[in-house]
Amino acid sequence: MPVKINSTGGDFMKFNTSLLHSNGSSSKGATITPIYQVSAFAHESAEKLEKVFNNKASGYAYSRIGNPSVDAFEQRMSVLEGGIGAVACASGMAAVTMSLLNILSAGDEIIAGSGLFGGTIDLFRDLEPFGITARYAGTVTAETVEPLINSKTKAVFTELIGNPKLDIVDIKKVAEVCHSHGLPLIIDSTTATPYLIRPFEYGADIVVHSTSKYINGGGNSISGVIIDSGNFNFAKAGYKGFEEYKKFGRSAYLAKLRGSIWRNTGACLSPFNAFMNSVGMETLGLRMERCCYNAQKLAEFFSNDSSIEVNYPGLPDNPYHELVQEQLKGMAGAILTIRTGSKERAFRLINNLKYALIATNIGDVRTLVIHPDSTIYTHGSKEARINAGVYEDTIRISVGIEDIEDLIADFGQAAERSK
Ligand SMILES: *Cc1c(COP(=O)(O)O)cnc(C)c1O
């Protein structure tokens, strides 16, 4: 991988090396920061705890506020994305929610892509009673975002590779429009991962991940993370509540998050799940290389079947093919969707698969399939589903790291038997 990451030692490491060697030091020579599975940390005096509590001394007080295993995971994510710091959350949804509530108040608007993850669209509806409105731009481009900006707009939020629409955002262009209007660009980079792109290098201001997915990789820990580039000056732009965090300079966003909404809603990540992520993420590069390769091959296989319509940004006739080459180093991620002609055929195809698990997740080492229309999108209107690229006959495939020959044989026989 051409990505170079600045290690703590000052040398530049490539991606896979950095995954293993930029994780700081841990006590007693442990090769990974161990699981500090405790709620509270005891101190030798009342004075010491007073200092820790008031950020006057380093140390830990209570795991909702800080924990060494969680810290270690946050630092690794921050290094991977090239940020100034990170805050881990109980889930990807918690990360999306906290990233926005940290800067929004009643009366504010956000502009979002309509091909978003179903849970995020549901969340935006849940925020309406609190006076926060999402305006949808369809596919997020400089041209679709700009007309929606008004005096109430406080952020632009989008997924980099939409799940499940698989539309890809040209971050550089969208960031330019955002910044020319004094707005931050927040990117949900779950489906791309820092292996394919580091959005800060293209002008994004905040990155969030559902680390339940590719970062963890084994499908064993619900979790999320918010990473800040430190480049957007919320205090200067007059965002509410930032006055008292001004003194933290470039870290004001993270300091406010830690000091207020994240801490007080109890959105923290458990030390155990942080540890599982720290273990899982060490193979991120290897897994991504393999599952993107598999997805490309499987998409090419389906494109030769005239009874199936395949959507994968890595195919030459896909509208995002060029952007994949420019922005994602030629790799289009590991999710594809297919349309089978009818819901009945989609179900038959799914039920005939031997290896793919029928499950609502992505980014697992195992291949997973789901029929989004009857599951993750049941809350959305017909229009919202179509905007998200979800039709009655759509199957989403999250491609794993199995041998591609087995995957092609399995999907081939299931497609045939579903006719
Ligand atoms: C899964 C997912 C989320 C939500 O994450 P959870 O960890 O399930 O809460 C958010 N955004 C995207 C793109 C996702 O795929």
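Each ligand, and each atom within it, is numbered from 1 in the order the structure gives. Since this is a predicted model, take the numbers as computed values, not measurements. Here, residue 1 is the first one in the sequence, and each next residue gets the next number.
Partners of Ala356 under the side-chain contact (heavy atoms from CB on, under 4.5 Å) rule, at least two apart in sequence or in another chain, are Leu353, Thr367, Val369, Phe411. A search for side-chain contact (heavy atoms from CB on, under 4.5 Å) contacts involving Ser307 returns Asp305, Arg345, Lys419, not counting sequence neighbours.
Protein residues lining ligand 1, listed by chain and number: Ser91, Gly92, Met93, Phe117, Glu159, Asn163, Asp188, Thr190, Ser210, Ser212, Lys213, Ser223, Ile362 [non-hydrogen atoms, distance under 4.0 Å].
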Which side-chain N or O atoms in residues 87-102 pair as donor and acceptor under 3.5 Å with protein atoms at least two apart or in another chain?
{"from": "Ser91", "atom 1": "OG", "to": "Met93", "atom 2": "N", "distance (Å)": "3.4"}
{"from": "Ser91", "atom 1": "OG", "to": "Ala94", "atom 2": "N", "distance (Å)": "2.9"}
{"from": "Thr97", "atom 1": "OG1", "to": "Met93", "atom 2": "O", "distance (Å)": "2.6"}
{"from": "Ser99", "atom 1": "OG", "to": "Ala95", "atom 2": "O", "distance (Å)": "3.4"}
{"from": "Ser99", "atom 1": "OG", "to": "Val96", "atom 2": "O", "distance (Å)": "2.8"}
{"from": "Asn102", "atom 1": "OD1", "to": "Leu257", "atom 2": "N", "distance (Å)": "3.3"}
{"from": "Asn102", "atom 1": "ND2", "to": "Tyr253", "atom 2": "O", "distance (Å)": "3.0"}

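Ring orientation note: the planes of Phe242 and Phe234 are close to parallel, at an angle under 30° on the 30°/60° scale.
With respect to the salt-bridge test (charged N to carboxylate O, under 4.0 angstrom), the residues Arg76 and Glu282 qualify.
At least one side-chain heavy atom of Ile227 sits under 4.5 Å from a side-chain heavy atom of Val225.
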